[in-house]
Amino acid sequence: MATSSSTTISPRRHESVSRWRSGQPPAFALLVYPITLLVGSLYSAISPTAQSQQQSTATRPGPVVPINYFARKDNIFNIYFVKVGWAWTTLAFVSLLFTQQAYTHSPVELRAKRSIKALLRYAVVTCAWILTTQWFFGPAIIDRMFTLSGGRCENISILADSPSPSSSAAAGTAHKVTEEIKTIFTAVACKAAAGHWKGGHDVSGHVFMLVLASAFLAVEALGASSEECKPLADGAKEKQHNINTMDHSAVADIDDRFKVWSLRFVWGVALLSWWMLLMTAIWFHTWLEKLSGLLIAISVIYITYYLPRTLTSWRYVIGIPGI
Ligand SMILES: CCCCCCCC/C=C\CCCCCCCC(=O)SCCNC(=O)CCNC(=O)[C@H](O)C(C)(C)COP(=O)(O)OP(=O)(O)OC[C@H]1O[C@@H](n2cnc3c(N)ncnc32)[C@H](O)[C@@H]1OP(=O)(O)O
């Protein structure tokens, strides 16, 4: 006896299948990040290459020449990609807005609604990036966490170079200034003064930003290119093609090419972010520093993309990509 598909697929499975079709990845897809960090950290713990790198860093005074190219802080991907990573992320996101059918070829009202909500999601993740790594009413959250956990800027050369004060009052003032500078410094300012950012819990900014950027781009790209965002079924599209003039089909071809290349660019940025995450996991930071960077990024992604699935009022504000 033949059974219809609606009787064989459970409602839960049906719901998850239609989520995939509308470009919403399930929460377990986020496991790719802890797994990546775990694999990278395990490799760094057992690989002889990574071990010998760590030993030379610990035993030899002064800078050590890294054994692996990706263990160098000045590797080309770190300098031109990660260190300006939010600019790449912004560029990739903007390219989605200008080329994907969800934002360019749907009815005007829907297009406007989708674009505003996508910009709001971008604003949420961008604010999270700014507050966590750049500025939080003064030093960024990761800098504040570092100083709150007992860290400070040591061996500041501008302080060591300054002439010794002649009177005890001047010495007192100099001491006060030194202490203030040590406590208000951010990681960037500390490095600029040739100091060492030491002692506290140093949340990995790389892990935070790379997880946030790659998850943001992946979810937005899946949503924008989902089935629900395709305006016409294939047959209808063909029919419309036939009644179009040559000029229109040439424009449509160019549109299609932009659409495809933009998606490739977005996935390229997301994949390179993932690769740099793996490199960070292998060559830099402690387990705990990587874990805290991961937890902050995953919380932001959860609030922006998963919470709206269950919290209707939040969904109404921020929307869901691909819907
Ligand atoms: C209707 C609504 C409408 C709304 C409209 C929208 C509104 C939007 C709202 C608001 C708009 C605001 C405007 C937006 C702007 C957009 C455009 C731009 O974005 S232009 C900005 C470009 N600048 C970046 O992108 C910086 C990105 N970089 C960073 O944030 C940091 O560098 C970060 C977090 C990635 C890392 O910081 P670390 O490197 O200081 O810290 P650690 O990760 O802990 O690393 C410690 C050390 O280990 C090395 N390290 C770690 N992992 C490494 C690796 N894999 N390879 C090499 N070195 C590594 C690092 O190099 C570092 O070393 P060492 O301090 O430099 O000596």
Side-chain angles (χ1 to χ4, degrees), residues 36-37 40-41 43-44 50 53 57 63-64 66-95 97 103 112-136 139-146 151 153 185-198 200-214 216-217 220 269 272-286 288-294 296-297 300 304 317-319:
T36 303
L37 291 185
S41 304
Y43 178 86
S44 87
Q53 166 84 37
T57 315
V64 174
I67 297 163
N68 187 287
Y69 180 70
F70 284 99
R72 290 168 53 162
K73 286 183 178 180
D74 63 349
N75 80 69
I76 198 165
F77 298 98
N78 191 43
I79 291 180
Y80 295 107
F81 182 70
V82 186
K83 288 280 182 177
V84 287
W86 210 256
W88 286 106
T89 308
T90 303
L91 200 66
F93 171 71
V94 168
S95 87
L97 285 189
Y103 304 112
K113 195 182 97 185
R114 278 181 180 159
S115 305
I116 289 169
K117 293 190 173 181
L119 281 168
L120 275 173
R121 292 190 296 272
Y122 169 77
V124 170
V125 286
T126 301
C127 285
W129 165 68
I130 291 173
L131 297 176
T132 310
T133 67
Q134 311 291 313
W135 173 88
F136 182 72
I141 289 175
I142 53 177
D143 287 336
R144 286 180 188 275
M145 284 172 80
F146 180 79
C153 189
F185 259 3
T186 63
V188 174
C190 179
K191 204 179 146 202
H196 294 288
W197 202 225
K198 269 189 180 167
H201 175 71
D202 193 8
V203 176
S204 169
H206 270 65
V207 168
F208 165 76
M209 196 195 75
L210 293 169
V211 171
L212 186 68
S214 60
F216 163 66
L217 289 178
E220 289 293 342
V269 174
L272 190 52
S273 300
W274 173 81
W275 173 254
M276 289 308 285
L277 178 71
L278 181 63
M279 293 303 109
T280 305
I282 297 176
W283 303 111
F284 298 90
H285 300 287
T286 63
L288 217 56
E289 289 167 358
K290 287 179 264 198
L291 182 69
S292 48
L294 172 75
I296 305 176
V300 177
T304 319
V317 177
I318 205 165

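Numbering of ligands and ligand atoms starts at 1, following listing order. Heavy-atom basis, side chains included; hydrogens, waters and symmetry copies ignored.
- Considering backbone and side-chain N/O of G205, one or more are found under 3.5 Å from N/O of ligand 1.
- Between V203 and ligand 1 there is a heavy-atom distance shorter than 4.0 Å.
- Among all protein heavy atoms, the one lying closest to atom 46 (C) of ligand 1 is H285 CE1, 3.8 Å.
- Residue nearest to atom 55 (N) of ligand 1, selected from T280, V125, I282, T133: T280 (by heavy-atom distance).
- Within 6.0 Å of CH2 in W275 there are 12 or fewer heavy atoms belonging to other residues, nucleotides or ligands.
- Counting heavy atoms only, T90 comes closest to atom 17 (C) of ligand 1 of the residues V82, T89, T90.
- Of all protein heavy atoms, the one lying nearest to atom 36 (C) of ligand 1 is H206 ND1, 3.5 Å.
- Near Q134, with a cut-off below 4.0 Å to any heavy atom, the atoms of ligand 1 are 29 (C), 30 (O).
- Separating the CD1 atom in I296 from the CE atom in M145 is a distance of 5.0 Å, to the nearest 0.5 Å.
- A donor-acceptor contact closer than 3.5 angstrom links the side chains of Y122 and T90.
- Under 4.0 angstrom from ligand 1, there are no non-hydrogen atoms of E289.
- Taking CD from E289 and CG from L294, the interatomic distance works out to 13.5 Å, rounded to the nearest 0.5 Å.
- Here OG1 of T132 is found 8.0 Å from CG of L212. Values are rounded to the nearest 0.5 Å.
- For atom 21 (C) of ligand 1, the choice among W283, W129, F70, W275 with the nearest heavy atom turns out to be W129.
- Residues satisfying the side chain to side chain contact (heavy atoms under 4.5 Å, CB included) test with K73, not counting sequence neighbours, are F284.
- Here F77 has no heavy atoms under 4.0 Å from ligand 1, in either its backbone or its side chain.
- Atoms CZ and CG, from R144 and L131 in turn, are 10.5 Å apart once rounded to the nearest 0.5 Å.
- Contacts with ligand 1 closer than 4.0 Å are made by heavy atoms of both the backbone and the side chain of W86.
- Of the protein's non-hydrogen atoms, M209 SD, 3.8 Å is the one closest to atom 35 (C) of ligand 1.
- Close N/O approach between K73 and ligand 1 is found [any backbone or side-chain N/O within under 3.5 Å].
- In summary, the atoms of ligand 1 found under 4.0 Å from a heavy atom of N75, numbered by their order in the structure, are 56 (N), 57 (C).
- In this structure, the protein non-hydrogen atom closest to atom 6 (C) of ligand 1 is Y122 CD2, 3.9 Å.
- Under a 4.0 angstrom heavy-atom cut-off, G85 registers as being in contact with ligand 1.
- Listed here is the closest heavy atom pair of H201 and S292: NE2-OG, 2.8 Å.
- Atoms of ligand 1 lying under 4.0 Å from any heavy atom of R72, numbered from 1 in the order shown and given with element: 57 (C).
- Atom 10 (C) of ligand 1 has its closest protein heavy atom at T126 CG2, 4.1 Å.
- More than 12 heavy atoms of other residues, nucleotides or ligands sit less than 6.0 Å from atom CH2 of W129.
- Interatomic distance, CZ of F208 versus CG of L277, reported as 13.0 Å (0.5 Å rounding).
- For C153 against G195, the heavy-atom pair with the smallest separation is SG-CA, 4.1 Å.
- For atom 3 (C) of ligand 1, the nearest non-hydrogen atom of the protein is L119 CB, 4.1 Å.
- In terms of protein heavy atoms, atom 65 (O) of ligand 1 is closest to K191 CD, 3.8 Å.
- Nearest protein neighbour of atom 20 (S) of ligand 1, counting heavy atoms only, is A87 CB, 4.0 Å.
- Distances from atom 27 (C) of ligand 1 to the heavy atoms of K117, K83, M279 put K83 nearest.
- You'll find the side chain of D143 stays beyond 4.5 Å of the side chain of F136, heavy atoms only.
- Taking CZ of F146 as the start and SG of C190 as the end, the distance is 7.5 Å to the nearest 0.5 Å.
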